[in-house]
Amino acid sequence: MNVGLKTQVLPAGEAATAAAARVLADGGLVGFPTETVYGLGADASNPAAVARLYRAKGRPSFNPLITHVVDLAAARKIARFDAQAARLAEAFWPGPLTLVLPKASGCAVADLATAGLDTVAIRIPAHPVAWEILDAFGGPVVAPSANLSGHVSPTIAAHVHGDLTGRIDLIVDGGAVDVGVESTIVGCFAVPTLLRPGGLPREAIERVLGRALAGVPQTTAGDTTAPLAPGMLVSHYAPRSKVRLEIERVEAGEALLAFGPRTAPGAEAAVAAMNLSVRGDLAEAAANLFGYLRSLDAKGACGIAVMPVPDHGLGEAINDRLRRAAIGRS
Ligand code: TXA
Ligand code: MG
């Protein structure tokens with residue numbers, strides 16, 4: 001185990017970028033901001049580094065990782081793009097979209113990072129700090145969200161520190177992330193498939209493809225073998241508190257996670273209350289989601305009552321994460 005490491009925290013900047021590139025080259029682990037959530041980076045081509053990453057997160061090794069690259073030329077060394085994939089990359093990279101593609105021959109990504117699949121998940125992040133680290137390191141970096149497996153994804157450096165201090169080498173603090181939910185994952189199969197709703201709304205992708213995305217059949221609790229999206233464990237985003245969705249009123253002892261200008265009956269008695277977006281803005285709600293779940297989880301309430309959030313645009317990703325939070329950790 002690599003528990004017991006001294007975890008350094010550096011503010012984003014030239015010194016942090018150089019330190020991050022050094023740690024990655026030495027097979028170490030770096031927490032760094034992307035536009036979606038903080039990632040925990042390791043050298044994608046170094047099996048020992050990838051193994052350490054799984055250990056540090058407590059992540060099951062059948063759950064493959066996303067490879068982050070600096071540009072399309074680097075992506076093409078790792079994965080094969082058909083016309084449809086090229087169109088999506090062109091339209092949305094850098095940005096909160098991950099494509100699952102067939103591995104290119106000579107793909108440098110360690111087999112452990114792809115859980116032995118013949119596909120690889122890949123994206124170009126749109127965050128200057130992430131980009132600078134990838135550029136300085138000069139190779140592909142695998143990066144899951146920088147939380148302990150099963151916890152809520154981190155949107156500020158302090159969340160990364162809370163989960164992973166003593167387990168990783170370095171955290172680069174680039175402030176709060178922009179989007180707040182993880183990237184949208186599209187499987188570029190014969191029928192393009194939405195594997196995970198995320199920071200890029202489905203509607204934008206369907207507009208570029210000129211067709212609807214297929215969906216994955218819902219996995220059931222405890223089913224870790226769904227072939228298309230091996231990591232989409234139902235209980236992935238769980239806080240400790242019991243989460244109750246689409247509430248009509250707040251019950252005694254509950255904390256309230258509100259959305260929009262309306263107040264829920266019983267709100268005045270809530271143990272604590274936070275509003276994802278008073279003006280009902282889904283982008284603002286996505287950016288606040290994980291931080292507010294963490295804050296309310298710390299209030300010692302008997303549960304978190306969540307008001308309904310519309311299911312279009314970024315609302316699809318918000319509701320997906322809320323449903324997983326409501327199922328709870330197994
Ligand atoms: O926004 C994001 O995507 C963040 C930042 C750090 O980039 N990363 C992230 O990684 O959310 P992670 O590990 O928490 O989620 C990766 C997801 C998992 O659900 C995994 O199963 C899926 O990507 N995945 C990876 N490779 C895959 C593959 N070859 N086929 C299908 N799904 C894959
Ligand atoms: Mg994650």
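Indexing begins at 1, ligand by ligand and atom by atom, following the structure's order.
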- Between the candidates Lys103, Glu35, Arg196, Glu182, which shows the shortest non-hydrogen contact distance to atom 15 (O) of ligand 1? Arg196
- Decide if atom CD of Glu206 counts as having more than 12 heavy atoms of other residues, nucleotides or ligands within a radius under 6.0 Å. yes
- Message: Measuring from atom 18 (C) of ligand 1, which candidate in Leu40, Thr98, Asp118, Asn63 has the nearest non-hydrogen atom?
- Response: Asn63
- Item | N-O pairing of Glu182 and Arg123 below 4.0 Å | no
- Query: Just how far is it from atom CG of Leu29 to atom CD1 of Ile171, taken to the nearest 0.5 Å?
  - Reply: 11.0 Å
- Do any nitrogen or oxygen atoms of Thr119 lie less than 3.5 angstrom from nitrogen or oxygen atoms of ligand 1? yes
- Query: Do Tyr54 side-chain atoms and Asn63 backbone N/O form a donor-acceptor pair below 3.5 Å?
  - Reply: yes
- Query: Who gets closest to atom 5 (C) of ligand 1 by heavy atom: Leu99, Val216, Val142, Thr36?
  - Reply: Thr36
- Identify the two heavy atoms, one from Gly313 and one from Glu203, that lie closest to each other, and give their separation to 0.1 Å. N-OE2, 2.9 Å
- Message: Heavy-atom contact check, 4.0 Å cutoff: does Pro125 meet ligand 1?
- Response: no
- Message: Closer than 4.0 Å to some heavy atom of Pro144 - which atoms of ligand 1 meet that?
- Response: 6 (C), 10 (O), 12 (P), 13 (O)
- Query: Taking His159 for the side chain and Thr155 for the main chain, is one N or O donor matched with an acceptor at less than 3.5 Å?
  - Reply: yes
- Query: Within a reach of under 6.0 Å around NZ of Lys103, are more than 12 heavy atoms found that belong to other residues, nucleotides or ligands?
  - Reply: yes
- Once you round to the nearest 0.5 Å, how far does OG1 of Thr34 lie from CD1 of Ile66? 9.0 Å
- Item | Test of proximity, Lys57 against ligand 1: N or O pairs below 3.5 Å | no
- Query: What part of Ile185, side chain, backbone, both or neither, has a heavy atom within less than 4.0 angstrom of ligand 1?
  - Reply: side chain
- Does ligand 1 have a heavy atom under 4.0 Å from the side chain of His127, from its backbone, from both, or from neither? neither
- Message: Side chains of Arg240 and His151, heavy atoms from C-beta outward: is any pair under 4.5 Å?
- Response: yes
- Message: Suppose I only count heavy atoms of Leu117 and a 4.0 Å limit; which atoms of ligand 1 are within that range?
- Response: 28 (C), 29 (N), 30 (N)
- Smallest heavy-atom separation, Pro154 atom then Val37 atom, equals O-CB, 3.4 Å
- Query: Counting from 1, what ligand 1 atoms have a heavy atom of Ser145 closer than 4.0 Å?
  - Reply: 8 (N), 9 (C), 10 (O), 12 (P), 14 (O)
- Message: Tell me whether Thr114 reaches ligand 1 (any heavy atom closer than 4.0 angstrom to a ligand atom).
- Response: no
- Can you list the ligand 1 atoms lying under 4.0 Å from a non-hydrogen atom of Ala121? 25 (C), 26 (N), 27 (C)
- Query: For ligand 1, which atoms sit closer than 4.0 Å to a heavy atom of Ala143?
  - Reply: 6 (C), 8 (N), 10 (O)
- Query: Any N/O/S atom of Ser145 sitting less than 2.8 Å from the Mg ion (ligand 2), backbone or side chain?
  - Reply: yes
- Task: Give yes if a backbone or side-chain nitrogen or oxygen of Tyr38 is under 3.5 Å from a nitrogen or oxygen of ligand 1, and no if not.
- Result: no
